[in-house]
Amino acid sequence: MKKTTRHTGREQKFPAVSKSTRSLRRVRAGLENSPGRYADLYDNAPAGCFILDPDGRITSLNPASASMLGKERAGLVGKYFRDLVVKDDREIYHQHFEGVIREKGIRNADLRLAVDNGAQLHVRLASLAVSNDVGETAEVRTIVTDITDLKTIELETIKHIRKLQKTLQQQLSINNNLRRSNEDLLHFAYIVSHDLQEPLRTVASFVQLLQRRYEQLLDAKGHTFMEHIVEGTCYMQRLLNDLLSYSRVGGEDIARKPVSLQHVLEEIKSSFSEKIKESEAEITSDDLPVVQGDEVLFSTLMQNLISNSLKYRGREVPRIHVSASHGKDQWLICIRDNGIGIDPRYAEQIFLIFHRLHQRNEYDGTGIGLAICKKIVERHGGRIWVESQPGRGSVFYFTIPDRKKIH
Ligand code: ADP
């Protein structure tokens, strides 16, 4: 019994002692190996490691540093690190080194080192000053990482961004030039149409005088010629008036006030009452909204669209309906008629100035009405278009941004 107990006791005690001994041995072996390990880390580090004296002279460097610079390791010892830096970046290095000594913390700096073959290496320095027992700087340790690839990408990206900026600036200046020449053109149209009215009025009044005073002296041909002159002069006056209205829409600043489209429509109905009665036209509408903008311009817009619906009527009695719906940030206004319709091929052309689909003897007009409509809508920040088929009526749509909803 005794024997067994003693044996058991020894068996419990000995394994514990040998475990701690083993781990102690491991620690001691580790400690014995660590200088070697540090040396290995220093020699085979994937970055350059420099040790500098407090004046910035190289006292030691690892093989990676020398191969990075393409120089002999031994030849670099004793040299000033700053002499490895390209001239333009020496001030950066100077600030970096001074900072490291002064502030005793890790500092970084990006700069270029001169390589033997004349090339330059973009590097990132991470430096730390180590002090002696009395607090003076004993040495500066600097890790040098080659960031040439990163820098190349960065420089390429900057180059691309600069190129983009240049293109954008050119585009902006083209836009400005376009805007300016558009304004010049409108100004020119205004001056021309305004100034031509005066001599045209003189022509018109003298032709009328001729017609009245010398009517009996003219034969049948003379009368026809005279009629053509009067007609041409009147048409020219209308063209100049329309051109004047068109250039006016482009120029001045427009008002931004609440405008009731319902009210605008009622006014148009009363000013067209003769035409409506004559053609027995039916003009109906939904409840039309109050929009923000210029009342005179909205009135011109609706007037042009409704007078076209009356003018380009088919065989049936004209039926025109104005409706409105609210989208996300805008009103959509729609004017539907049962007139002759439009070939969809011309759906965009008809909004260009002087574009007409009919001869004057078929339907009278100057071809400016829809161009004015487009300008008015666009000046209010909206869009105008038509959906139509010949013989099936037309639907003109325009949008007006709802300013209350736009932040
Ligand atoms: P104008 O009526 O003086 O010719 P507009 O610019 O108002 O000039 O219209 C351009 C052309 O668009 C017209 O000549 C006509 O052919 C077509 N158009 C415009 N509105 C309608 C409509 N409601 N129905 C059919 N055609 C239309």
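Remember, it's 1-based here, ligands and their atoms both numbered in the order they're listed.
The cationic atom of Lys375 (NZ for Lys, CZ for Arg) lies less than 6.0 Å from the six-membered ring centre of Tyr246 and within 45° of the ring axis.
Scanning all protein heavy atoms for the shortest distance to atom 16 (O) of ligand 1 gives His358 CD2, 3.1 Å. For atom 12 (O) of ligand 1, the closest non-hydrogen atom on the protein side is Ile350 CG2, 3.4 Å. Summary of contacts: the protein heavy atom closest to atom 26 (N) of ligand 1 is Ile342 CG1, 3.3 Å. Among protein heavy atoms, atom 4 (O) of ligand 1 sits closest to Arg356 NE, 2.5 Å. Considering only non-hydrogen protein atoms, atom 7 (O) of ligand 1 sits nearest to Asn308 ND2, 2.8 Å.
Residue-ligand proximity, Lys311 to ligand 1, at heavy-atom distances under 4.0 Å covers atoms 1 (P), 2 (O), 3 (O). Remark: ligand 1 atoms within the under-4.0 Å shell around heavy atoms of Gly367 are 1 (P), 3 (O), 4 (O), 6 (O), 8 (O). Interface of Leu370 with ligand 1, defined as ligand atoms under 4.0 Å from a residue heavy atom, comprises 5 (P), 6 (O), 7 (O), 9 (O), 10 (C), 12 (O), 19 (C). Shown in contact with Gly365 at under 4.0 Å from a heavy atom are these atoms of ligand 1, numbered in order with element: 3 (O). Heavy-atom proximity to Gly341, at under 4.0 Å, picks out these atoms of ligand 1: 25 (C). Those atoms of ligand 1 that come under 4.0 Å of a heavy atom in Leu357, given as number and element, are 14 (O), 16 (O). Per-residue contacts place His355 under 4.0 angstrom from the following atoms of ligand 1 (heavy atoms of the residue considered): 10 (C), 11 (C).
Nearest to atom 14 (O) of ligand 1 by heavy-atom distance, out of Tyr312, Phe351, Tyr363, is Tyr312.
Using a non-hydrogen distance threshold of 4.0 Å, Ser394 registers as a contact of ligand 1. Heavy atoms of Thr366 come nearer than 4.0 angstrom to ligand 1 in at least one pair. Residue contacts with ligand 1 do not include Tyr346, since none of its heavy atoms lies under 4.0 Å from the ligand.
Using a cut-off of 4.0 Å between Lys/Arg side-chain N and Asp/Glu carboxylate O, Arg180 and Glu183 are scored as not salt-bridged. Arg319 has a carboxylate O that lies under 4.0 Å from a charged side-chain N of Glu316, or vice versa, which qualifies the two as a salt bridge. A salt bridge is defined here as a Lys NZ or Arg NE, NH1 or NH2 lying under 4.0 Å from an Asp or Glu carboxylate O, and Asp83 with Lys79 fails to meet this definition. With respect to the salt-bridge test (charged N to carboxylate O, under 4.0 angstrom), the residues Arg141 and Glu139 qualify.
In this structure, Asp337 contributes its side chain and Ser394 its backbone to a donor-acceptor pair below 3.5 Å.
Counting heavy atoms closer than 4.0 Å to ligand 1, residue Asp337 contributes side-chain atoms (C-beta onward) but none from N, CA, C or O.
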- [ ] Quick one: do Leu113 and Val85 satisfy side-chain contact (heavy atoms from CB on, under 4.5 Å)? Show the steps, please.
- [x] CA-CA 4 Å; Leu113 299 183; Val85 178; 3.8 Å; yes
- [ ] Apply the test salt bridge (charged side-chain N to carboxylate O under 4.0 Å, His left out) to residues Glu156 and Lys159: give CA-CA distance (whole Å), side-chain angles for both, the deciding distance (0.1 Å), then the verdict.
- [x] CA-CA 5 Å; Glu156 279 297 308; Lys159 231 160 81 187; 3.4 Å; yes
Open item on the list: Does Glu198 form a salt bridge (charged side-chain N to carboxylate O under 4.0 Å, His left out) with Arg201? I'd like the steps, not just the answer.
Closed with: CA-CA 5 Å; Glu198 187 51 43; Arg201 262 197 293 273; 3.1 Å; yes
TODO: Show your working on salt bridge (charged side-chain N to carboxylate O under 4.0 Å, His left out) between Asp364 and Arg238 and close with a plain yes or no.
DONE: CA-CA 11 Å; Asp364 193 25; Arg238 280 178 56 202; 2.7 Å; yes
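By the 3.5 Å distance cut-off applied to N or O atoms, Asp364 is not counted among the residues near ligand 1.
Closest of all the heavy-atom pairs between Ala129 and Ile101 is CB-CA, 4.5 Å.
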